[in-house]
Amino acid sequence: MTAHPYPGLWSTDDGHIRHRLLPDGRYDEARGDREHAYRGQYWIEGDHIEYLDDTGFTADGDFIDGVLHHAGMVLRRQSDLTTTTDEGTRHAGTAS
């Protein structure tokens with residue numbers, strides 16, 4: 001996978017949807033209190049992202065002026081504040 005500037009945590013302004021784009025081409029999406037709601041692979045070509053969920057669902061989006069536009073949502077890069085537990089990486093909060 002070619003290196004790109006987009007790995008990290010991306011979140012809607014209300015923090016309800018959180019996409020963690022991992023440097024290895026995997027993603028982990030949280031929705032509200034539901035951590036790990038969706039997981040899968042992603043690919044970046046230029047400023048376009050393609051998602052393939054582990055269940056086979058596909059989606060896409062575009063990075064425009066440093067903002068991720070995905071499925072009618074706007075996600076902004078967040079500080080990547082996490083804690084590690086026995087269950088894996090969990091979201092601990094965001095800061096703009």
Side-chain angles (χ1 to χ4, degrees):
M1 175 177 206
T2 303
H4 54 78
Y6 300 121
L9 181 62
W10 297 80
S11 174
T12 54
D13 287 341
D14 63 4
H16 184 75
I17 307 293
R18 299 173 306 280
H19 286 195
R20 185 173 311 284
L21 301 180
L22 303 170
D24 65 356
R26 298 280 300 166
Y27 75 91
D28 190 339
E29 178 178 320
R31 289 183 172 242
D33 293 335
R34 196 170 153 218
E35 298 292 335
H36 316 298
Y38 299 97
R39 291 177 168 171
Q41 300 175 42
Y42 72 91
W43 295 266
I44 304 263
E45 285 191 31
D47 291 325
H48 184 77
I49 185 169
E50 293 280 340
Y51 296 91
L52 174 60
D53 186 83
D54 288 343
T55 65
F57 179 80
T58 61
D60 66 352
D62 293 290
F63 296 92
I64 302 169
D65 296 327
V67 176
L68 172 55
H69 296 263
H70 164 70
M73 295 178 284
V74 173
L75 296 97
R76 300 179 197 288
R77 186 184 295 275
Q78 303 296 308
S79 294
D80 198 3
L81 304 174
T82 59
T83 57
T84 302
T85 67
D86 292 336
E87 297 172 353
T89 302
R90 295 189 48 89
H91 173 73
T94 60
S96 295

Between Arg18 (side chain) and Gly32 (backbone), is there a donor-acceptor pair under 3.5 Å?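 Here the side-chain-to-backbone pair exists.
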
What residue pairs, at least two apart or across chains, pass salt bridge (charged side-chain N to carboxylate O under 4.0 Å, His left out) with a residue in residues 3-14?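 Every salt bridge (charged side-chain N to carboxylate O under 4.0 Å, His left out) pair that includes a residue of residues 3-14, provided the two are not neighbours, is Asp13-Arg76.
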
Can you pull out every salt bridge (charged side-chain N to carboxylate O under 4.0 Å, His left out) where at least one residue sits in residues 41-57? Sequence neighbours excluded, please.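 As it turns out, the salt bridge (charged side-chain N to carboxylate O under 4.0 Å, His left out) pairs with a partner in residues 41-57, which skip direct neighbours, are Arg26-Asp54.
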
Could you give the distance from [atom1] ([X]) to [atom2] ([Y]), rounded to the nearest 0.5 Å?
| X | Y | atom1 | atom2 | result |
| --- | --- | --- | --- | --- |
| Asp28 | His36 | CG | NE2 | 5.0 Å |
| His19 | Ile49 | NE2 | CD1 | 8.0 Å |
| Arg34 | Glu29 | CZ | CD | 9.0 Å |

Smallest separation among heavy atoms of [X] and [Y], with atom names:
| X | Y | result |
| --- | --- | --- |
| Gln78 | Ser11 | CG-CB, 3.4 Å |
| Phe57 | Ala59 | CE2-CB, 3.9 Å |
| Leu22 | Pro7 | C-CB, 4.4 Å |

N/O donor to acceptor pairs below 3.5 angstrom from side-chain atoms of residues 62-73, sequence neighbours left out:
{"from": "Asp62", "atom 1": "OD1", "to": "His48", "atom 2": "ND1", "distance (Å)": "2.8"}
{"from": "His70", "atom 1": "ND1", "to": "Asp60", "atom 2": "O", "distance (Å)": "3.0"}

Tyr27: what forms a ring-ring contact (aromatic ring centres under 6.0 Å, His included) with it, not counting sequence neighbours?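 With sequence neighbours excluded, Tyr27 shows a ring-ring contact (aromatic ring centres under 6.0 Å, His included) to Tyr51, given in chain and number order.
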
Begin with the C-alpha distance, continue with both residues' side-chain angles, and end with the deciding distance and a verdict on side-chain contact (heavy atoms from CB on, under 4.5 Å) for Leu52 and Trp43. CA-CA 9 Å; Leu52 174 60; Trp43 295 266; 3.6 Å; yes

In terms of hydrophobic clusters joined by side-chain contacts under 4.5 Å, are Tyr38 and Ile44 together?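 Cluster IDs for Tyr38 and Ile44 match.
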
side-chain contact (heavy atoms from CB on, under 4.5 Å) for Tyr6 and Arg77? Distances and angles first, verdict last. CA-CA 9 Å; Tyr6 300 121; Arg77 186 184 295 275; 4.2 Å; yes

